[in-house]
**Q** 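One structure, as structure tokens, below. Some questions next.
In the text below, chain A, chain B and the rest are named by the order of the sequence lines, each starting its count at 1.
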Protein chains: 2
Amino acid sequence: MTAVQQPASLRERKKLRTRQALAETAVPLFTERGFDETPLDALLDAVEVSRRTFFRNFRSKEDVAFTAVEQLWSTCLLVLDDAELSGRAADVFRDAMLTTLDRMGEDWYAHFSATLRLVEQSPSLHGHSLRHCAAMRVEVSRRLGVADSTEGRLLVEFCVAAWRCALDEWLPGGEPGELPGCVRRVFDAMPRCLDAEVRPEAP
Amino acid sequence: MTAVQQPASLRERKKLRTRQALAETAVPLFTERGFDETPLDALLDAVEVSRRTFFRNFRSKEDVAFTAVEQLWSTCLLVLDDAELSGRAADVFRDAMLTTLDRMGEDWYAHFSATLRLVEQSPSLHGHSLRHCAAMRVEVSRRLGVADSTEGRLLVEFCVAAWRCALDEWLPGGEPGELPGCVRRVFDAMPRCLDAEVRPEAP
DNA sequence: CAGGCAAACGCCACAGTGTGGCATTTTCGA
DNA sequence: TCGAAAATGCCACACTGTGGCGTTTGCCTG
């Protein structure tokens with residue numbers, strides 16, 4: 001896994017264990033019963049945790065379903081911090097994301113794709129996902145140092161949009177090894193898309 | 001205003017009047033006291049409407065603050081329906097949006113900019129805004145007939161992102177006459193943004 | 001114009017999420 | 001071994017959104 005193994009204190013390990021139990025239980029549970037149809041109490045009963053402790057670990061019901069997504073992005077931001085920044089910003093972002101994907105383990109891919117399928121089904125989760133993307137745009141802009149120009153802000157919006165498109169293309173299959181290819185394909189399509197022409201519909 | 005004047009029946013006029021009263025009261029009220037800090041009951045007391053009727057008119061508390069935004073997009077979709085679709089999809093979208101803006105009245109601009117300022121302050125409203133944009137992407141994709149290719153989906157994402165950037169540039173001033181200029185500027189910047197280079201930060 | 005009909009309304013009660021207070025248990029460090 | 005800090009569980013509360021149901025209001029026909 002990507003999480004840095006910090007045995008740390010017994011207390012922190014225990015807290016992290018309940019966090020993990022909540023996240024790993026939540027995704028299958030929500031998938032089976034539906035996100036909006038599943039009361040939070042169902043998860044709490046399953047993991048045997050009180051509401052109070054849950055909300056100390058996660059900000060919201062949506063949050064607990066997003067562990068895999070947040071793991072990805074926190075890793076990606078670390079990669080960006082360590083990367084040497086030079087060249088086209090779009091390439092830098094794409095390569096950072098590819099590096100990030102390379103660091104993820106097999107189990108993460110399973111958890112991640114399950115999360116994406118879940119997000120597609122629930123409007124509230126979809127909204128949460130979009131908000132998360134917006135937050136990531138801010139962080140990425142800062143790290144790429146392109147936040148102060150129109151072109152820069154447009155580019156970051158564009159890159160995150162491309163990332164989402166790559167996920168859309170990947171999801172039906174969902175094979176871990178295929179995601180990097182989807183990312184490359186979509187990023188290659190970016191320059192072409194501006195010349196896309198409308199197709200007079202004929203339904 | 002953009003709303004088609006349909007006197008219709010007395011009943012419908014009455015219903016529409018309460019809808020309008022709610023929307024026009026909501027934005028200043030939320031602006032003054034903060035969106036999350038203002039209970040819905042405060043608005044209901046101000047307009048003297050029961051909760052039941054409120055939720056028959058609006059789907060959520062966020063929804064009532066979005067009237068101006070929805071007016072814009074419903075008009076824009078109508079413009080797209082009537083427009084002859086040919087040429088580059090990005091240009092078609094930009095021109096449709098410019099036409100739409102031209103149809104809006106002075107009072108709408110005031111309501112709209114107030115709404116945008118409100119959205120910037122509240123996380124939940126911001127999330128609602130992003131979800132609304134996603135819904136509009138679907139509608140625009142359908143109308144432009146570009147939903148079936150990677151380039152097409154990328155383009156629509158890109159266009160809506162450009163629209164949001166234009167709003168960001170316009171908002172500080174907020175003069176009605178300046179928004180079309182912002183839109184043109186940002187759309188002109190789209191091809192350039194792909195070549196944007198990272199700037200080695202030096203904090 | 002009278003009276004039935006349907007739509008809109010208001011009131012009530014409920015489920016669900018998220019927050020704060022407070023006592024209790026568990027863990028860390030001295 | 002003991003005190004401090006942190007995590008937990010329990011309780012109560014505010015707020016949003018929904019459904020039931022009786023009542024009012026406007027519409028439309030005889």
Side-chain angles (χ1 to χ4, degrees), chain A residues 6-23 25-26 29-30 32-66 118-119 121-129 131-132, chain B residues 6-23 25-26 29-30 32-66 118-119 121-129 131-132:
Chain A
Q6 283 180 343
S9 62
L10 194 157
R11 182 147 51 190
E12 292 182 34
R13 268 179 294 161
K14 209 168 184 179
K15 191 181 171 97
L16 200 140
R17 206 185 309 156
T18 66
R19 262 191 71 94
Q20 237 169 355
L22 282 167
T25 310
L29 183 65
F30 290 156
E32 187 185 13
R33 295 181 48 181
F35 181 79
D36 294 308
E37 290 72 26
T38 309
L40 189 56
D41 292 337
L43 173 62
L44 271 41
D45 291 345
V47 191
E48 291 185 326
V49 167
S50 75
R51 205 192 332 277
R52 195 70 179 83
T53 19
F54 174 85
F55 281 106
R56 262 189 287 262
N57 281 279
F58 298 96
R59 281 189 297 272
S60 67
K61 183 187 171 189
E62 286 83 11
D63 208 28
V64 69
F66 263 76
L118 189 57
V119 168
Q121 291 172 0
S122 162
S124 46
L125 273 178
H126 192 248
H128 193 80
S129 171
R131 268 179 62 180
H132 188 261
Chain B
Q6 284 180 341
S9 62
L10 195 155
R11 192 185 312 196
E12 291 181 34
R13 268 179 295 160
K14 210 167 185 178
K15 190 183 170 93
L16 200 139
R17 206 187 309 156
T18 65
R19 261 193 72 94
Q20 235 168 355
L22 282 166
T25 311
L29 184 64
F30 292 156
E32 188 185 12
R33 296 181 49 181
F35 181 79
D36 295 308
E37 291 71 28
T38 309
L40 188 56
D41 292 337
L43 173 62
L44 300 176
D45 290 347
V47 191
E48 290 184 327
V49 167
S50 76
R51 202 194 329 274
R52 197 70 180 83
T53 9
F54 174 84
F55 282 106
R56 262 190 286 261
N57 283 279
F58 299 95
R59 281 188 298 272
S60 68
K61 184 185 171 191
E62 286 82 10
D63 208 29
V64 69
F66 263 75
L118 189 56
V119 169
Q121 291 171 2
S122 160
S124 45
L125 274 178
H126 192 248
H128 194 79
S129 170
R131 267 178 62 178
H132 188 260

**Q** Without swapping roles, check the side chain of A:R19 against the backbone of A:N57 for a donor-acceptor pair under 3.5 Å.
**A** yes

**Q** Side chains of A:F30 and A:Q121, heavy atoms from C-beta outward: is any pair under 4.5 Å?
**A** no

**Q** Rounding to a whole Å, what distance do you find between B:F58:CZ and D:dT18:P?
**A** 14 Å

**Q** Within this structure, what is the CG-to-P distance between A:D63 and C:dT19, rounded to whole angstrom?
**A** 11 Å

**Q** For the pair A:F66 and A:H132, name the ring-plane relationship: parallel under 30°, tilted 30 to 60°, perpendicular over 60°.
**A** tilted

**Q** Rounded to whole Å, please give me the gap between CG in B:L10 and C1' in C:dA6.
**A** 15 Å

**Q** Provide, to the nearest angstrom, the distance between the CZ atom belonging to A:R19 and the C1' atom belonging to D:dA6.
**A** 17 Å

**Q** What is the distance, to the nearest angstrom, from the NZ atom on B:K61 to the C1' atom on D:dC15?
**A** 8 Å

**Q** Side-chain contact, heavy-atom cut-off 4.5 Å: A:P39 with A:R33?
**A** yes

**Q** When rounded to the nearest 0.5 angstrom, what distance separates CZ in B:F54 from CG in B:D41?
**A** 10.5 Å

**Q** At their closest point, which heavy atom of B:S124 faces which heavy atom of B:D36, and how far apart are they?
**A** OG-OD1, 3.0 Å

**Q** Any heavy-atom pair between the side chains of B:T18 and B:V47 that's under 4.5 Å?
**A** no

**Q** Which nucleotide sits closest to the side chain of B:F55: D:dT16, C:dT17, C:dT27?
**A** D:dT16

**Q** Do side-chain atoms of B:S129 reach the backbone of B:L125 as a donor and acceptor pair under 3.5 angstrom?
**A** no

**Q** Flag the pair A:H128 / A:V119 as yes when at least one side-chain heavy-atom distance between them is below 4.5 Å, and no otherwise.
**A** no

**Q** How many whole angstroms separate atom CZ of A:R11 from atom P of C:dT25?
**A** 16 Å

**Q** Quick one: pull up CG in A:D45 and CG in A:L29 and give me the separation to the nearest 0.5 Å.
**A** 10.0 Å

**Q** Working to the nearest 0.5 angstrom, can you tell me the gap between A:E48 CD and A:T53 OG1?
**A** 11.5 Å

**Q** Between N or O atoms, less than 3.5 Å apart, protein on one side and nucleotides 1-3 of chain C on the other: list the pairs.
**A**
none

**Q** Grab the N/O contacts between the protein and nucleotides 8-11 of chain D below 3.5 Å, and write none if there aren't any.
**A**
| unit_1 | atom_1 | unit_2 | atom_2 | d |
| --- | --- | --- | --- | --- |
| D:dG9 | OP2 | A:S50 | N | 3.2 |
| D:dG9 | OP2 | A:S50 | OG | 3.0 |
| D:dG9 | OP2 | A:T53 | OG1 | 2.5 |

**Q** Please list, by residue number, the residues of residues 33-46 of chain B whose heavy atoms come closer than 4.0 Å to an atom of DNA chain C; answer none if no residue qualifies.
**A** none

